[in-house]
Colleague: 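First the structure, then my questions, so here it is.
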2 protein chains.
Amino acid sequence: MNTPQITHVAIVDDHLLFASSLEKLINSFNGFQVIFKAENGVDLGSKIREAVRLSQILLLDINMPVMNGFETMKWLKEQHPEMKVLALSMDDNELYILRMLKEGARGYFLKDIHPSELEKAMVTVRDKGFYYSESVTEVMVNALHGDGPELDPSFRDVEIQFIRLACTERTYKEIAEELKLSPKTIDGYRQDLFKRLGIRNRVGLVMYAIKHKIIDIHSHDPKSHP
Amino acid sequence: MNTPQITHVAIVDDHLLFASSLEKLINSFNGFQVIFKAENGVDLGSKIREAVRLSQILLLDINMPVMNGFETMKWLKEQHPEMKVLALSMDDNELYILRMLKEGARGYFLKDIHPSELEKAMVTVRDKGFYYSESVTEVMVNALHGDGPELDPSFRDVEIQFIRLACTERTYKEIAEELKLSPKTIDGYRQDLFKRLGIRNRVGLVMYAIKHKIIDIHSHDPKSHP
DNA sequence: AAATACCATAGGAATTTTCCTGTTTTTTCA
DNA sequence: TGAAAAAACAGGAAAATTCCTATGGTATTT
């Protein structure tokens with residue numbers, strides 16, 4: 001045999017402990033080496049640029065507060081569609097899976113998989129370019145059959161902003177002021193969203209936003225209100 | 001030097017990938033060895049029993065669905081108060097920290113700490129019996145000074161039921177029917193809770209319930225409603 | 001047994017949310 | 001450039017939420 005080719009791997013996860021631990025695990029796999037990991041969400045953009053340039057496989061956590069996995073994936077798809085990205089998540093939410101796959105992820109893993117499956121997956125991704133586990137495949141089939149959840153309701157930027165504000169204690173009037181729009185326009189957004197999402201009231205919107213990670217819960221506020 | 005003593009460590013985390021990775025990391029620390037890890041949440045009780053018997057330090061994840069870290073910690077405190085437990089969490093929520101420390105955890109770490117701090121912590125725990133990071137200490141001081149969040153606001157059963165229902169799309173009238181109470185009574189609960197929790201409206205209540213895990217989000221419903 | 005605290009309930013009213021049906025303005029695109 | 005689509009905006013009204021204060025019943029305490 002000649003010199004074995006080493007596959008370079010990048011890890012993007014804001015949980016430093018997990019990232020570092022995962023690094024050790026992957027380095028113990030045959031033929032793989034972690035050459036980069038993002039330590040936190042701040043200025044992830046530039047770091048990813050470097051990771052992309054240097055590595056062949058990227059392990060991407062989707063539960064990140066600053067620039068979340070979806071946005072990152074979207075950016076990657078546009079900038080580096082050839083990059084082999086494996087999505088890592090704690091949630092087996094079908095919406096997440098479909099969203100990431102749609103954005104071009106080559107695989108999707110829950111953080112409770114067995115390490116040996118991860119190794120198998122990485123080998124497969126290196127050799128074939130993708131790896132979809134049984135459970136992920138099942139989700140895709142469901143989606144095609146239409147009995148899965150609605151994929152990608154796709155919101156506009158203002159709508160996202162509105163939803164985020166609707167998840168606070170602000171009244172619609174206050175939201176309108178914040179967005180410098182007429183209260184009636186806000187009411188229009190609300191009504192439209194209620195219809196599209198099949199919900200009855202603001203609580204439904206809040207729950208939707210949380211389940212679909214439009215807002216994130218982890219209150220990283222350093223002593224905000226008095 | 002004589003034979004170095006090896007400290008045995010157990011990991012209880014339902015994220016197998018994280019647990020396995022963490023194992024590698026800890027084994028790379030000098031003088032520590034992971035001798036046990038719980039693979040999933042099912043029947044965690046008996047496994048913990050074994051872990052406790054064999055190990056000196058236990059790394060306990062608090063974000064577990066089946067038997068969560070709080071319950072596990074409580075059980076450990078009663079059954080094995082001598083066990084050195086380090087709590088691991090993704091959340092820096094002060095409530096969690098205080099709750100775990102109150103239950104007897106010897107330390108509390110976010111999953112985004114630097115591996116070297118974990119090593120330092122484990123050495124300290126082994127030698128001194130506890131390790132509180134600066135941030136955790138700060139939370140404790142705040143709690144003592146009373147300017148931290150209210151620990152354990154302690155709700156009555158009806159209040160918990162009301163809060164849960166308030167997180168759905170039901171109107172208060174419907175909630176009243178569901179709980180077989182007068183709408184005016186429900187309004188009383190609402191008003192009382194708003195005052196106690198310092199919130200303005202129902203959205204505030206929903207957010208509170210989520211942040212304090214009164215309801216849980218992860219809709220693990222396998223195709224429940226038609 | 002009286003005082004106290006707590007709970008369920010109520011009337012009434014201001015505010016906010018929700019819904020329905022429009023018009024005007026801006027953007028898109030054939 | 002002219003038509004169509006999308007977005008912003010409005011009037012008006014019913015329903016729900018929020019807020020205030022108050023009362024009778026029951027359990028607890030002293």
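Note: hydrogens, waters and symmetry copies are ignored here, and every other heavy atom, side chains too, is used. So you know, we letter chains A, B, ... as the sequences are listed, proteins then strands, and number each from 1. Keep in mind that what you see is a predicted model, and the values were worked out from it rather than measured.
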Colleague: Over how many whole Å does the gap from A:L197 atom CG to C:dT18 atom P extend?
Modeller: 13 Å
Colleague: Got a sec, which residues hit side-chain hydrogen bond (donor to acceptor under 3.5 Å, both in side chains) with A:E174, two or more places apart in sequence or on another chain?
Modeller: B:R200
Colleague: Can you list everything that forms a side-chain contact (heavy atoms from CB on, under 4.5 Å) with A:S20? Sequence neighbours excluded, please.
Modeller: A:L16, A:K37, B:P115
Colleague: Could I get the full list of side-chain hydrogen bond (donor to acceptor under 3.5 Å, both in side chains) partners for A:E159, not counting sequence neighbours?
Modeller: A:R196
Colleague: To the nearest angstrom, how far is B:L181 atom CG from C:dA10 atom P?
Modeller: 11 Å
Colleague: Would you be so kind as to tabulate the donor-acceptor pairs closer than 3.5 Å made by side chains of residues 124-132 of chain A, with sequence neighbours excluded?
Modeller:
residue	atom	partner	partner atom	Å
A:T124	OG1	A:K120	O	2.7
A:Y131	OH	A:E117	OE2	3.3
A:Y132	OH	A:A105	O	3.4

Colleague: Without decimals, in angstroms, what is the distance between A:L205 CG and C:dT18 C1'?
Modeller: 13 Å
Colleague: List in chain and number order the residues that pass side-chain contact (heavy atoms from CB on, under 4.5 Å) with B:I199, two or more places apart in sequence or in another chain; answer none if no residue qualifies.
Modeller: A:E169, B:F194, B:L197, B:L205
Colleague: Does D:dA8 have its OP1 or OP2 closer than 4.0 Å to a side-chain nitrogen or oxygen of A:S182?
Modeller: no
Colleague: How would you summarise protein contacts on nucleotides 14-27 of chain D per nucleotide, using B for base, S for sugar-phosphate only and - for none, with heavy-atom distances below 4.0 Å?
Modeller: ---SBBBB------
Colleague: Distances under 3.5 Å between protein N/O atoms and the N/O atoms of nucleotides 22-25 of chain C, please, pair by pair.
Modeller:
none

Colleague: Taking the basic N atoms (NZ, or NE/NH1/NH2) and the acidic carboxylate oxygens, is any pair closer than 4.0 Å for A:D192 and A:K195?
Modeller: no
Colleague: Using the test side-chain contact (heavy atoms from CB on, under 4.5 Å), find all partners of A:A209 that sit at least two apart in sequence or belong to another chain.
Modeller: A:I163, A:C167, A:I214, A:I215
Colleague: Take atom CG of B:D157 and atom C1' of C:dC7, then tell me their distance rounded to the nearest Å.
Modeller: 15 Å
Colleague: Please state whether the phosphate of D:dC9, meaning OP1 or OP2, lies under 4.0 angstrom from any side-chain nitrogen or oxygen of A:T185.
Modeller: yes
Colleague: Under the side-chain hydrogen bond (donor to acceptor under 3.5 Å, both in side chains) test, which residues partner A:E178, sequence neighbours left out?
Modeller: A:R170
Colleague: With a 4.0 Å limit, can you tell me whether A:Y189 has a side-chain N or O closer than that to the phosphate oxygens OP1/OP2 of D:dA8?
Modeller: yes
Colleague: How would you list, by chain and number, every residue that makes a side-chain hydrogen bond (donor to acceptor under 3.5 Å, both in side chains) with A:R106, sequence neighbours excluded?
Modeller: none
Colleague: Can you tell me how far P of C:dT17 sits from CD of B:E169, to the nearest Å?
Modeller: 16 Å
Colleague: For the helix from C:dA1-D:dT30 to C:dA30-D:dT1, figure out the bend between the end axes, five pairs an end, and round to 10 degrees.
Modeller: 40°
Colleague: Can you tell me the distance, in whole Å, between the CG atom of A:L193 and the P atom of C:dC19?
Modeller: 12 Å
Colleague: How many angstroms lie between CG in A:N201 and CZ in A:R190, if you round to the nearest 0.5 Å?
Modeller: 10.0 Å
Colleague: How close or far is atom C1' of C:dT18 from atom CD1 of A:I175, stated in whole angstroms?
Modeller: 14 Å
Colleague: Which value, rounded to the nearest 0.5 Å, describes the distance between A:Q191 atom CD and A:L193 atom CG?
Modeller: 10.5 Å
